[in-house]
Each structure stands twice: as C-alpha cells, then as structure tokens.
Amino acid sequence: MTAIKSRRMTRVIPGIAAGLGFLIVPGAPSQAEILILQAAAERQPIACADRDVVIRADDQRYTLAGKCRSLILEGDRNMVSIGLAAGATLTVSGSQNQVYWTKKSEAPSIVDAGSGNRIAPLDGEQPRR
C-alpha cells in the first residue's frame with residue numbers, strides 16, 4: 001500500500017508544481033543547490049560554492065565569493081558583487097540595482113527586466129552606492 005501512495009505522490013507533485021507555474025525538469029538543481037537570500041546582508045562574503053543564487057531584498061549589499069552558476073536578483077537599490085562560473089546567467093528585476101562580476105569571471109548572459117540597473121564587470125575598484 002505504501003508503494004502505491006509513493007507512486008501517486010510522484011504524479012501529484014509535478015501536477016501541483018505545474019499548476020503553480022513551476023517546472024520540474026530531470027537534472028534540475030535541487031533546493032540544496034539553490035542559495036536564497038532574503039534577510040539583511042552579512043558583512044562577510046557569502047560562499048557561493050557552485051550554486052544558483054536568488055536574492056529577494058531591497059537596499060542591501062551582498063558579496064558572493066566563489067563561482068555562482070546564476071543569480072536572480074529581485075528588489076530595488078541593491079549592490080551585489082559576484083564571482084561567476086563559466087556560462088553563468090544574471091537576471092535582474094526591480095530598479096536601481098548594481099551587479100558587478102569579478103574580472104576573472106567569464107562574461108555572463110544577462111537579462112535586465114527592470115529599470116536603472118547597472119550590470120557590469122568589476123574593474124578592480126569597489127563600486128560606491
């Protein structure tokens with residue numbers, strides 16, 4: 001009986017996810033591989049450790065060390081410095097955000113869905129707010 005319930009749950013979960021607008025793809029990153037930041041930024045660099053990063057915040061400053069696979073930034077007036085893995089993507093929504101990737105990172109694929117955002121390589125000088 002338990003095996004039948006388990007099979008039903010594996011069918012129900014993708015159906016619920018699709019209904020909520022989520023896409024479940026085999027081989028997609030698990031929740032453990034996604035770093036979600038919503039609280040006030042820490043003073044120390046945050047280790048990216050080859051993960052995807054989602055930031056949902058306003059008026060924060062983040063430093064992400066290591067090689068991030070992707071960044072989704074949702075909010076306004078944030079400043080993010082990030083190290084990127086090869087083939088990384090940056091998606092920025094909201095307004096007046098600043099996202100800088102380290103020079104040693106390969107240029108990412110960029111989607112700017114907001115207004116007044118600056119997304120550029122870090123030129124060695126720390127950007128000012």
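Throughout, residue positions are numbered sequentially from 1 according to the sequence presented.
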Handout entry: Atom pair CZ/CD of Arg61 and Gln98 - distance to nearest 0.5 Å
Key = 8.5 Å
Practice task
List in chain and number order the residues that pass side-chain hydrogen bond (donor to acceptor under 3.5 Å, both in side chains) with Gln96, two or more places apart in sequence or in another chain; answer none if no residue qualifies.
Solution key: none
Completion exercise
side chain to side chain contact (heavy atoms under 4.5 Å, CB included) filter on Pro121, not counting sequence neighbours, yields Trp101
Using atom types as modelled, flag every donor-acceptor pair under 3.5 Å from a side chain in residues 85-93 to any protein atom, sequence neighbours excluded.
residue: Ser93; atom: OG; partner: Leu73; partner atom: O; Å: 3.4

Handout entry: Identified side-chain contact (heavy atoms from CB on, under 4.5 Å) partner of Val53 from the options Ile34, Leu37, Ile36, Val80
Key = Leu37
Problem - Asp52 side-chain N/O to Leu35 backbone N/O, donor-acceptor pair under 3.5 Å - result: no
Fill in the blank from the handout: Sorted by chain and number, sequence neighbours left out, salt bridge (charged side-chain N to carboxylate O under 4.0 Å, His left out) with Arg118 holds for none
Practice task
Measure from the side-chain N and O atoms of Asp76 to the backbone N and O of Ser95, and report whether any donor-acceptor pair falls under 3.5 Å.
Solution key: yes
Practice task
Kindly say whether Gly94 contributes a backbone atom to a donor-acceptor pair with the side chain of Asn117 at under 3.5 angstrom?
Solution key: yes
Fill in the blank from the handout: When rounded to the nearest 0.5 Å, the distance separating OH of Tyr62 from CD1 of Ile46 is 6.5 Å
Problem - Summary of disulfide bond (SG atoms under 2.5 Å apart) pairs that have at least one residue in residues 59-106, sequence neighbours excluded - result: Cys48-Cys68
Practice task
Give the C-alpha distance, both sets of side-chain angles, the deciding distance and a yes or no for salt bridge (charged side-chain N to carboxylate O under 4.0 Å, His left out) between Arg51 and Glu33.
Solution key: CA-CA 5 Å; Arg51 293 183 282 183; Glu33 295 173 330; over 6 Å; no
Handout entry: All side-chain hydrogen bond (donor to acceptor under 3.5 Å, both in side chains) counterparts of Asp50, not counting sequence neighbours
Key = none
Problem - Separation of Glu74 CD from Ile55 CD1 (nearest 0.5 Å) - result: 10.0 Å
Practice task
Could you tell me whether a side-chain N or O of Asn78 sits under 3.5 Å from a main-chain N or O of Gln60, the two making a donor and an acceptor?
Solution key: yes
Problem - ILVMFWY cluster, Ile72 and Val111 together (side-chain gap under 4.5 Å) - result: no
